[in-house]
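Numbers restart at 1 for each chain; the letters A, B, ... are given by sequence-line order, proteins then strands. Everything quoted here is computed from the prediction, not taken from an experiment.
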Amino acid sequence: MKKLVIYLFTIIFLLKGSPIFSYSSNPKDFINELVNEAISYLSDKNLSKDQKALLIEKIAIDNVDINALGLYTLGELRKSASQSDIKNYQETFEKYFLKSLTSRLTEYSSSKFEILGENKKSSNYTIVNSKVIPEDDSPEIKIDWRVFTQNPDKPLIRDLIVEGLSLARTQKEEFASILSSNNNDINILISKLNEFVNN
Amino acid sequence: MQAMKSLKHLTILIALIVVFKTPNVKSASECFEGASRAIFKFNMVVDDIILEPLAKGYNKLPSPIKIGTSNFTSNVSTLLSIPNNILQGNFEQLGHSIGSFAINSTVGILGFLNPAEKMGFKSNKEDVGQTLGSYGIETGCYYVLPILGPTTVRDTVGLIADTFVDPFAHVTIREHELLSSSGNALDYYAVKGTTAIDFRADNDKNFESLEKNSIDLYSALKSIYLQDRENKIKNSIIDEDEWGSLDN
């Protein structure tokens, strides 16, 4: 019952559309504000793990281009699969992405975040360079953010490149391997994603 | 006699390069995926039983010991970078490697400290696999080696060649004298083993997260390995531009 009340409280808080979720449209400031917001939740000792997960999910839904990421990770199959299969895949991919994201962040230990610069690649993309400095002895981590800027008023994150390793590309190649060993059957991929979500 | 032996090795190396020079492929194809997946499973068991517990124990060591060990192994691996910087014609990096090794081995007390970095010397790690890549030789197919992990044909050739160009391997495995000192094969494998534990310990959380969040860990690690090698060959971060086609 207590858990339910906490959930309801968090959902109401989120639905109120608090201004904390409104970020700058400049890619560099957008990433800086968003990450610092996320860090403040993750390091808040008054929030439970479930509350943190909900808040992070909300930030991701609003600021990550999950649909485009889903299509990208599907590779060439996105051009030949049927609309209904794509729709089904996109819905499952979103659940998979959010579960995977919140699961990765539960291990969060306090760190400092610093923006190093930005590189406008085209009118659609800006790469924002940053680094995370852990407060323990771990080495600092360079993270580049691929920000989609087609709508200059609403930038969206499409990829994270951690120490030169693109998470989107890794995901795409992981999915490609599953597809190629299953006759490019999108439904097998969807069922594997569902398996992950339901475990 | 020694010269003849070296010439023979060089000929074998060149022959391997010619044999395995493959057409341009974006992502390495598999050599024998079934066997590689079986070896990967074996490696994961070895990791669970040996490497992971060692890495977790290593992470509990006092910070100065961990940092000192990491600096020491990193300084030794700079020796391999020196001939590879020459082979790549990268003389700016060569200066960094020589400066870094000289300063850290002396002022840095045999490499346990890293004063060179504070003085602006930053040595990139270079091996023969990277050198071959910089010559335009493609990866060849991908497979997994027992214990040693992911590799490609090019990187396996590089791995063997490393032991011929690495001054540390000459002083240890071949027991040649350098500046009146030499070691033995055990020293070589001890340093390589410690480097592996240090790497595993540094990435302990990342491995756990990847294991937990992958639906096909074998493929995720393959992708990470190939991206990392590409970045190291180019000495910069690769820019995947396939996103562009998504917006058309």
Side-chain angles (χ1 to χ4, degrees), chain A residues 65 67-69 71-72 74-76 78-79 96-97 99-101 103-109 119 121-125 127 129 134 136-139 141-142 144 146 148 150 158-159 161-178 180-181 189 192-193 195-196 199, chain B residues 26-30 33-34 36-37 59 61-67 70 74 142 198-199 201-248:
Chain A
D65 198 346
N67 268 345
L69 186 58
L71 286 176
Y72 174 81
L74 198 53
E76 289 299 304
R78 67 172 177 263
K79 292 171 187 164
Y96 163 78
F97 172 79
K99 185 175 177 186
S100 166
L101 178 77
S103 154
R104 281 170 208 263
L105 291 174
T106 49
E107 296 299 323
Y108 172 83
S109 57
N119 179 10
K121 307 288 284 183
S122 65
S123 58
N124 280 354
Y125 289 106
I127 305 289
N129 315 109
D136 55 18
D137 305 323
S138 319
I141 306 158
K142 280 189 187 144
D144 292 341
R146 180 180 281 271
F148 184 55
Q150 198 174 57
R158 281 198 164 177
D159 191 11
I161 300 136
V162 181
E163 288 289 335
L165 306 172
S166 155
L167 297 187
R169 181 176 160 187
T170 306
Q171 194 77 86
K172 185 176 84 171
E173 289 173 1
E174 199 179 338
F175 288 2
S177 168
I178 292 166
S180 75
S181 50
L189 176 62
K192 283 199 183 279
L193 293 176
E195 223 172 88
F196 178 90
N199 272 337
Chain B
K26 182 127 186 137
S27 178
S29 56
E30 293 276 352
E33 189 172 351
S36 288
R37 281 188 182 267
N59 270 339
L61 291 173
S63 172
I65 295 178
K66 265 196 316 179
I67 294 171
S70 186
S74 176
Y142 172 90
D198 181 59
F199 174 79
D202 257 356
N203 290 286
D204 191 36
K205 281 183 185 166
N206 296 334
F207 276 120
E208 262 175 38
S209 169
L210 195 66
E211 227 177 319
K212 206 164 117 187
N213 291 296
S214 293
I215 49 175
D216 182 5
L217 183 61
Y218 172 87
S219 304
L221 281 171
K222 176 186 171 186
S223 173
I224 287 170
Y225 175 80
L226 294 172
Q227 287 185 62
D228 183 52
R229 293 300 288 171
E230 267 182 71
N231 291 337
K232 282 178 175 161
I233 288 163
K234 290 179 182 161
N235 289 326
S236 66
I237 291 169
I238 45 158
D239 189 23
E240 176 97 354
D241 209 25
E242 208 192 310
W243 282 97
S245 67
L246 202 70
D247 312 319
N248 294 334

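Looking at B:Glu30, there are no atoms closer than 4.5 Å to chain A (heavy atoms on both sides), in backbone or side chain. Residue B:Ser70 does not touch chain A at all, counting heavy-atom pairs closer than 4.5 Å. Only the side chain of A:Leu189 comes within contact range of chain B, judged by heavy atoms closer than 4.5 Å. In this structure, chain B has no heavy atom under 4.5 Å from any part of A:Ala176.
Here B:Asn213 is the residue among B:Asn206, B:Leu217, B:Asn213 with the most heavy-atom pairs under 4.5 Å with chain A. Of the listed residues B:Ile224, B:Asp202, B:Ile215, B:Asp228, the one with more heavy-atom pairs under 4.5 angstrom with chain A than any other is B:Ile215. Options A:Ser122, A:Ala68, A:Ala168, A:Ser181 differ in how many heavy-atom pairs under 4.5 Å they form with chain B, and the most are formed by A:Ala68.
Pairing each heavy atom of B:Ala220 with each of B:Leu210, the nearest pair is CB-CD1, 4.4 Å.
Between the side chains of A:Tyr96 and A:Gln171, at least one donor N or O sits under 3.5 Å from an acceptor N or O. Looking only at atom types and distance, the side chain of B:Ser223 has a donor-acceptor partner in the side chain of A:Glu173 under 3.5 Å away.
The neighbour count for A:Lys142 NZ, taken as heavy atoms of other residues, nucleotides or ligands under 6.0 Å away, does not exceed 12.
Taking the ring axis of A:Tyr125 as reference, the NZ or CZ atom of A:Arg146 stays within 45° of it and closer than 6.0 Å to the ring centre.
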